[in-house]
Amino acid sequence: MNRTEPALAPGHLRTLAEEAGRRFAAVETDLGPRALADLVLGWAAEKFDRIAVACSMADAVLPHLVAEHRPGVDVLFLDTGYHFPETLATRDRVADQLDVTVVDVLPGRTVAEQDADLGPRLHDRDPGRCCALRKVDPLRRTLAGYDAWVTGVRREEGPTRADTPLVTWDEAFGLVKINPLATWTLEQVLDHAEREMLPANPLLAQGYPSIGCAPCTRPVAPGEDPRAGRWAGFAKTECGLHPGAPAGGDGTAPAGARAIPPSSTTPTPREAP
């Protein structure tokens with residue numbers, strides 16, 4: 001990707017997003033998940049020079065699909081300082097094995113500096129603020145250099161994502177948001193990863209269908225919502241990167257609620273440099 005290309009005007013970007021959203025919504029039931037993703041990503045590669053992929057490193061399906069249309073694409077990894085070692089290892093494998101450019105997006109402060117300024121384990125007391133400092137704000141600064149970003153949000157992940165469009169205008173970040181996997185199931189994602197022999201986070205096979213920061217992620221029991229393991233004990237289901245979630249997704253804990261600490265079998269996170 002060449003970010004030296006001039007930025008497109010916000011009004012033009014919004015129009016592109018709205019037109020594409022209507023176009024793809026009209027045909028999504030006529031195509032299978034892979035064909036639909038390729039249609040959306042082919043359009044994106046044609047329209048945007050300044051495009052980035054956001055990847056949590058649960059799997060490499062999204063970077064793989066985007067790289068087929070835009071080799072060398074920037075893949076943004078939010079290195080919060082709280083990730084599982086398995087997630088960091090997956091990031092390294094993605095960088096080594098795929099035709100992408102992994103970009104570590106770092107917060108303004110290390111975990112130690114944040115602890116010194118705001119007290120230790122902010123995620124236990126105010127997970128919404130912790131996510132804002134270590135995810136949302138760093139991503140907002142980074143996305144200012146792009147016209148569009150591609151996410152792996154899927155509708156089946158939970159009620160806050162059930163209406164995810166394939167393409168939309170992201171008001172919060174001021175650019176086009178592309179969700180080519182919106183119609184995919186987790187099984188389809190894992191099948192694609194296996195078929196293409198792509199890197200996958202080993203935690204997926206250990207009961208973690210949604211993988212975030214280690215202190216705020218637990219395994220999910222059979223039959224639970226795939227995101228039930230995120231911020232368990234808090235009325236919070238989203239970190240703030242994907243606005244539009246119903247009330248209660250802002251990190252506010254219900255009365256008397258406390259964050260549930262990881263179990264003794266949960267891998268220990270490694271602080272980012």
Which heavy atom in [X] sits nearest to a heavy atom in [Y], and how many Å separate them?
| X | Y | result |
| --- | --- | --- |
| Y82 | C130 | CE1-SG, 4.2 Å |
| F48 | I178 | CE1-CD1, 4.2 Å |
| H123 | P215 | CE1-CB, 3.4 Å |
| Q114 | R109 | N-CB, 4.1 Å |
| P199 | Q97 | CG-OE1, 3.5 Å |
| A37 | W184 | CB-NE1, 4.1 Å |

Looking only at atom types and distance, does a side-chain atom of [X] sit under 3.5 Å from a main-chain N or O of [Y], one as donor and one as acceptor?
| X | Y | value |
| --- | --- | --- |
| R125 | G119 | yes |
| T183 | P33 | no |
| E28 | L36 | no |
| N179 | A182 | no |
| R70 | D49 | yes |

Worksheet entry | Intermediate values then yes/no, side-chain contact (heavy atoms from CB on, under 4.5 Å), V167 and V176 | CA-CA 7 Å; V167 178; V176 179; 3.9 Å; yes

Discussion item. Counting neighbours of CD on E194 that are heavy atoms of other residues, nucleotides or ligands and sit closer than 6.0 Å, is the number greater than 12?
Written reply: no

Please examine the side chains of [Y] and [X], heavy atoms only from C-beta on, and report whether any two atoms are closer than 4.5 Å.
| X | Y | result |
| --- | --- | --- |
| D92 | V102 | no |
| D147 | L175 | no |
| R154 | T164 | no |

Value rounded to 0.5 Å, distance of [atom1] in [X] from [atom2] in [Y]:
| X | Y | atom1 | atom2 | value |
| --- | --- | --- | --- | --- |
| T142 | L106 | OG1 | CG | 8.5 Å |
| D126 | L118 | CG | CG | 9.5 Å |
| R14 | L16 | CZ | CG | 12.0 Å |
| L39 | L166 | CG | CG | 9.0 Å |
| K135 | C213 | NZ | SG | 4.5 Å |
| R22 | E18 | CZ | CD | 6.0 Å |

Discussion item. Between W149 and L76, does the side-chain contact (heavy atoms from CB on, under 4.5 Å) criterion hold? Intermediate values first, please.
Written reply: CA-CA 10 Å; W149 69 308; L76 309 182; 6.0 Å; no

Fill in: Salt bridge D104-R91, side-chain N to carboxylate O under 4.0 Å
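Looking at D104 and R91, the cut-off is met.
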
Fill in: Side-chain ion pair, R93 and D96, N-O less than 4.0 Å
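Salt bridge between R93 and D96, a charged N being under 4.0 Å from a carboxylate O: no.
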
Fill in: Members besides M197 in its Ile/Leu/Val/Met/Phe/Trp/Tyr cluster (side-chain heavy atoms under 4.5 Å)
none

Worksheet item: Linking I/L/V/M/F/W/Y whenever any side-chain heavy atoms sit under 4.5 Å apart, do L41 and V94 land together?
Response: yes

Worksheet item: For Y208 and N201, what are the C-alpha separation, side-chain angles and deciding distance, and is it a side chain to side chain donor-acceptor pair (under 3.5 Å)?
Response: CA-CA 9 Å; Y208 293 82; N201 194 316; over 6 Å; no

Worksheet item: Between L122 and L133, does a side-chain contact (heavy atoms from CB on, under 4.5 Å) hold up when you go through it step by step?
Response: CA-CA 10 Å; L122 178 63; L133 292 171; 4.0 Å; yes

Please output the side-chain donor-acceptor pairs of residues 55-69 that fall under 3.5 Å, not counting sequence neighbours, one pair per line with the distance.
| residue | atom | partner | partner atom | Å |
| --- | --- | --- | --- | --- |
| D59 | OD1 | V61 | N | 2.9 |
| H64 | ND1 | H192 | NE2 | 3.2 |
| E68 | OE1 | R34 | NH2 | 2.7 |
| H69 | NE2 | D38 | OD1 | 3.1 |

Practice prompt. Assess whether side-chain contact (heavy atoms from CB on, under 4.5 Å) is satisfied between V73 and V100, documenting all intermediate values.
Written response: CA-CA 5 Å; V73 66; V100 300; 4.0 Å; yes

Discussion item. Going by ring-ring contact (aromatic ring centres under 6.0 Å, His included), name the pairs with one or both residues in residues 10-39, residues two or more places apart or in two chains.
Written reply: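 ring-ring contact (aromatic ring centres under 6.0 Å, His included) check on residues 10-39 returns F24-W43.
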
